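This is the structure I want to talk about, given as structure tokens.
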Amino acid sequence: MIRQYDKIKDMDLSFETKLVDHKINEMDTGRDLTQCICHVDMDAFYASVEELDDPSLKEIPMAVGGMHMLCTSNYKARQFGVRSAMPGYLALKLCPQLKIIPLHFPKYRAASAKVRAIFAKYDPSFLPMSLDEAYLNLTNYLSTSELTPEQLVQQIRDEIQQETQLTASAGIAANRMLAKICSDFNKPNGQYFLPMEREAIMKFTSNLSIRKVSGVGRVTERVLQTLDVKTCGDILHRRAILYRLLSPISFQFMLKCYLGLGSTNFNLESDRKSISVERTFSALSKPDDLYRKVDELAELLAVDLGRNQIQGGKTVGIKLKLTSFDVRVRSKTYPSYISKKEDIARIVKELVQKELPVSIRLMGIRLSSLPPKVDDDHGVKKYFKKRKNTDAGEEQPRKISTVPSSPVSVLTSTSVTPDTHLTASIAANENAPSIVAVTCPICSRSLALDNHQFNQHLDECLNKVTVKAILQQQQQNQSPPQDQTQGRSLLDYYR
DNA sequence: ATACATACC
DNA sequence: TACTGGTATGTAT
């Protein structure tokens with residue numbers, strides 16, 4: 001990617017900038033500020049539950065988990081650098097006095113149930129993310145109450161503390177992405193309210209470390225750092241470069257970060273794409289042992305399928321982690337849906353067999369290519385539910401990576417007007433709202449339009465059908481483009 | 001369609 | 001002793 005970057009960093013990207021600005025404007029205008037979303041996060045949940053049972057644990061550094069992995073640590077332990085997701089033995093090196101408590105899931109589930117009962121009072125369709133974390137849509141409740149969002153959330157947190165003697169932190173904002181970030185701001189036992197207003201949100205994101213955004217991990221952070229993007233606000237300055245370097249999905253996610261856009265939709269189950277189970281164990285290599293594992297996992301997966309009301313999947317996959325820690329993933333797709341545990345086991349065994357001989361410490365099996373979710377809604381409701389609207393996008397960011405090249409050059413390369421002319425025209429347009437002759441980069445037509453009209457024209461031009469048609473036409477009319485992949489990203493935006 | 005990588009908790 | 005474990009999904013080939 002660095003090479004790609006070097007190649008384009010000195011190029012004239014004013015057209016890309018224009019295109020991206022158009023997109024930004026569109027997204028900004030479509031912003032939904034009508035919802036009040038709250039993210040509640042219990043403080044050091046498992047550790048706090050353990051402290052309830054044994055208050056003496058509060059006085060010492062303590063963590064919950066095992067030698068292989070810790071799930072949570074109390075705040076005393078965090079002072080030593082003991083974190084969740086850290087192997088216990090390593091934590092002991094940092095903090096030899098650390099007391100490690102084994103997991104007691106039934107207790108955590110019981111505590112979680114109490115908390116969830118409270119959530120349900122304020123939002124019956126609250127969205128639990130794990131035992132200790134949930135999103136609430138407070139819009140409805142607030143509309144029937146005199147309380148401000150902050151007062152309401154304070155009340156909810158008070159209630160949690162009364163009922164469970166556990167503390168929670170919360171974030172209140174216009175969407176899930178922002179609420180999640182806010183819940184981290186005054187942790188532990190605090191809350192942060194980000195008003196559901198455009199200006200407040202833009203100010204908030206402008207200085208917000210990109211790493212705070214859920215979905216941006218260590219790797220992505222580093223990649224972005226290379227491009228001088230540290231905060232969500234930085235994305236604006238680098239928008240043209242990002243547009244050229246990132247995949248359409250990643251780029252759109254970047255724009256959402258910049259604008260502080262996120263989902264307000266709580267229906268996660270609707271677009272699940274796969275279901276899987278995996279287990280780690282002490283090294284196995286005898287085929288019989290492996291096949292026994294397959295049967296165990298197939299059983300678990302079949303149960304999970306039933307519990308989630310999933311009919312089956314056409315693709316069956318395995319994951320093997322060798323004792324060398326290498327990971328192998330294999331899969332096979334069938335014309336019909338696989339769901340019975342016997343069928344799963346049989347296919348998985350075939351896949352495993354091809355990998356023999358192996359010595360593994362983990363086996364996972366997966367079903368994907370799931371059937372489209374059956375909509376059991378009757379009546380008019382479904383017409384509202386089904387709309388996979390433009391923005392409905394969950395927080396689905398993940399992989400940042402390069403896209404081979406930009407679609408723009410292939411589009412402009414066919415236009416009668418050279419790039420330089422085009423950008424000059426647009427630039428002229430910028431400062432003088434008068435009518436200027438431009439060549440539309442999409443349809444190549446010469447147009448006499450003012451800035452507003454030009455944008456409107458872009459709108460019309462930039463829809464799936466038009467773009468597809470044009471790309472097709474270009475492929476016919478033109479000697480093969482230097483780069484076959486070029487049409488891709490632009491199409492993907494409007495798919 | 002398949003393999004691999006990153007992220008979250 | 002020991003670098004987690006379970007699930008989802010984006011991206012490259």
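No hydrogens, no waters, no symmetry mates; every other heavy atom, side chains included, goes into these values. Computed from a predicted structure; not experimentally measured. Every chain is numbered from 1, with letters handed out A, B, ... down the list of sequences.
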Self-check item: side-chain hydrogen bond (donor to acceptor under 3.5 Å, both in side chains) contacts touching residues 40-50 of chain A (sequence neighbours left out)
Solution: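 Every side-chain hydrogen bond (donor to acceptor under 3.5 Å, both in side chains) pair that includes a residue of residues 40-50 of chain A, provided the two are not neighbours, is Asp43(A)-Thr167(A), Asp43(A)-Ser169(A), Asp43(A)-Lys187(A), Glu50(A)-His104(A), Glu50(A)-Lys107(A), Glu50(A)-Tyr108(A).
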Self-check item: Check against side-chain contact (heavy atoms from CB on, under 4.5 Å), Lys321(A) and Thr280(A)
Solution: CA-CA 9 Å; Lys321(A) 189 184 279 180; Thr280(A) 298; 5.8 Å; no
Quiz item: Ile365(A) CD1 to dG5(C) P: how many Å, rounded?
Solution: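 From Ile365(A) CD1 to dG5(C) P: 18 Å.
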Quiz item: Does a nitrogen or oxygen in the side chain of Lys273(A) sit under 4.0 Å from OP1 or OP2 of dG10(C)?
Solution: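 For Lys273(A), the contact criterion (side-chain N or O under 4.0 Å from OP1 or OP2 of dG10(C)) is met.
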Quiz item: Rounding to a whole Å, what distance do you find between Met129(A):CE and dG6(C):C1'?
Solution: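 Interatomic distance, CE of Met129(A) to C1' of dG6(C): 14 Å.
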Quiz item: Which residue lies toward the 5' end of DNA chain C, Glu278(A) or Arg361(A), if each is placed at its nearest nucleotide?
Solution: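 Looking at DNA chain C, the more 5' nearest nucleotide goes with Arg361(A).
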Practice problem: Tell me which nucleotide among dT6(B), dG10(C), dT7(C) gets nearest to the side chain of Ile249(A). | Solution: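 Minimum distance to the Ile249(A) side chain belongs to dG10(C).
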Exercise. Let me know the distance between CD1 of Ile318(A) and C1' of dC4(B), rounded to the nearest Å.
Key: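 Atom CD1 in Ile318(A) sits about 14 Å away from atom C1' in dC4(B).
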Quiz prompt | DNA chain C contacts among residues 327-356 of chain A, heavy-atom distance under 4.0 Å | solution =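 Nothing qualifies; none.
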Practice problem: Indicate whether OP1 or OP2 belonging to dC8(B) is found under 4.0 Å from a side-chain N or O atom of Ser130(A). | Solution: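 Negative; the distance criterion is not met.
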Quiz item: Restricting to pairs with a member in residues 166-191 of chain A, which pass ring-ring contact (aromatic ring centres under 6.0 Å, His included), not counting sequence neighbours?
Solution: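 Every pair satisfying ring-ring contact (aromatic ring centres under 6.0 Å, His included) with a residue in residues 166-191 of chain A: Phe185(A)-Tyr192(A), Phe185(A)-Phe204(A).
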Quiz item: Taking the nucleotide of DNA chain C with the closest heavy atom to each, which residue, Ile275(A) or Thr280(A), is nearer the 5' end?
Solution: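 It is Thr280(A), whose closest nucleotide lies nearer the 5' terminus.
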Exercise. Please list all pairs passing the ring-ring contact (aromatic ring centres under 6.0 Å, His included) test where one or both residues lie in residues 303-345 of chain A, with sequence neighbours left out.
Key: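 Counting only pairs at least two positions apart or across chains, no ring-ring contact (aromatic ring centres under 6.0 Å, His included) contact touches residues 303-345 of chain A.
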Quiz prompt | Separation of dC8(B) C1' from Glu221(A) CD (nearest whole Å) | solution =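 Distance, rounded to whole Å: 15 Å.
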Exercise. Using a 4.0 Å heavy-atom cut-off across all strands, classify Val316(A) as base, sugar-phosphate, or nothing.
Key: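 Nothing: the residue Val316(A), judged by heavy atoms under 4.0 Å, touches no strand.
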Quiz item: Could you give the CE-to-P distance, from Met363(A) to dG5(C), as a whole number of Å?
Solution: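 My rounded result for the distance is 15 Å.
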Quiz item: Over how many whole Å does the gap from Arg218(A) atom CZ to dA7(B) atom C1' extend?
Solution: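 The answer, rounded to whole Å, is 10 Å.
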Quiz item: Roughly how far apart are Asp289(A) CG and Ile360(A) CD1, rounded to 0.5 Å?
Solution: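 Reported value, rounded in 0.5 Å steps: 10.0 Å.
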Exercise. Go through dA2(C), dT6(B), dT7(C) for me and flag the one nearest to the His68(A) side chain.
Key: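 Among the listed nucleotides, the one closest to the side chain of His68(A) is dA2(C).
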Quiz item: Which ones in residues 80-119 of chain A lie close to DNA chain C, meaning a heavy atom under 4.0 Å from one of its atoms?
Solution: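 When residues 80-119 of chain A is checked for heavy atoms under 4.0 Å from DNA chain C, the hits, listed by number, are Ala85(A), Pro87(A), Tyr89(A), Leu90(A).
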Exercise. Respond yes when some side-chain nitrogen or oxygen of Thr220(A) is under 4.0 Å from OP1 or OP2 of dA7(B), and no when none is.
Key: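 For Thr220(A), the contact criterion (side-chain N or O under 4.0 Å from OP1 or OP2 of dA7(B)) is met.
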Quiz item: Can you list every pair that meets side-chain hydrogen bond (donor to acceptor under 3.5 Å, both in side chains) and has a residue in residues 88-100 of chain A, with sequence neighbours left out?
Solution: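 Every pair satisfying side-chain hydrogen bond (donor to acceptor under 3.5 Å, both in side chains) with a residue in residues 88-100 of chain A: there are none.
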Quiz item: Whole Å only: how far is the CZ atom of Arg366(A) from the C1' atom of dT2(B)?
Solution: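 Nearest whole value for this atom pair: 12 Å.
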Self-check item: Atom-pair distance (CZ on Arg211(A); P on dA7(B)), nearest Å
Solution: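 For the pair Arg211(A) CZ and dA7(B) P, the rounded distance is 7 Å.
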Quiz prompt | Partner residues of Arg83(A) under the salt bridge (Lys or Arg N to Asp or Glu O under 4.0 Å) criterion, sequence neighbours left out | solution =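 Expected list: none.
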Exercise. Tell me, please, which residues at least two apart from Lys341(A) pass salt bridge (Lys or Arg N to Asp or Glu O under 4.0 Å).
Key: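 Lys341(A) satisfies salt bridge (Lys or Arg N to Asp or Glu O under 4.0 Å) with Glu299(A) once adjacent residues are dropped.
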Quiz prompt | Pair listing, side-chain hydrogen bond (donor to acceptor under 3.5 Å, both in side chains) test, anchored in residues 349-361 of chain A, at least two apart | solution =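 Every side-chain hydrogen bond (donor to acceptor under 3.5 Å, both in side chains) pair that includes a residue of residues 349-361 of chain A, provided the two are not neighbours, is Asp295(A)-Lys349(A), Thr323(A)-Ser359(A), Arg328(A)-Glu355(A), Arg330(A)-Glu355(A).
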Quiz item: Looking at Arg218(A) and Glu221(A), does any basic side-chain N land under 4.0 Å from a carboxylate oxygen?
Solution: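 Here Arg218(A) does not pair with Glu221(A) in a salt bridge, since their nearest N and O are not under 4.0 Å apart.
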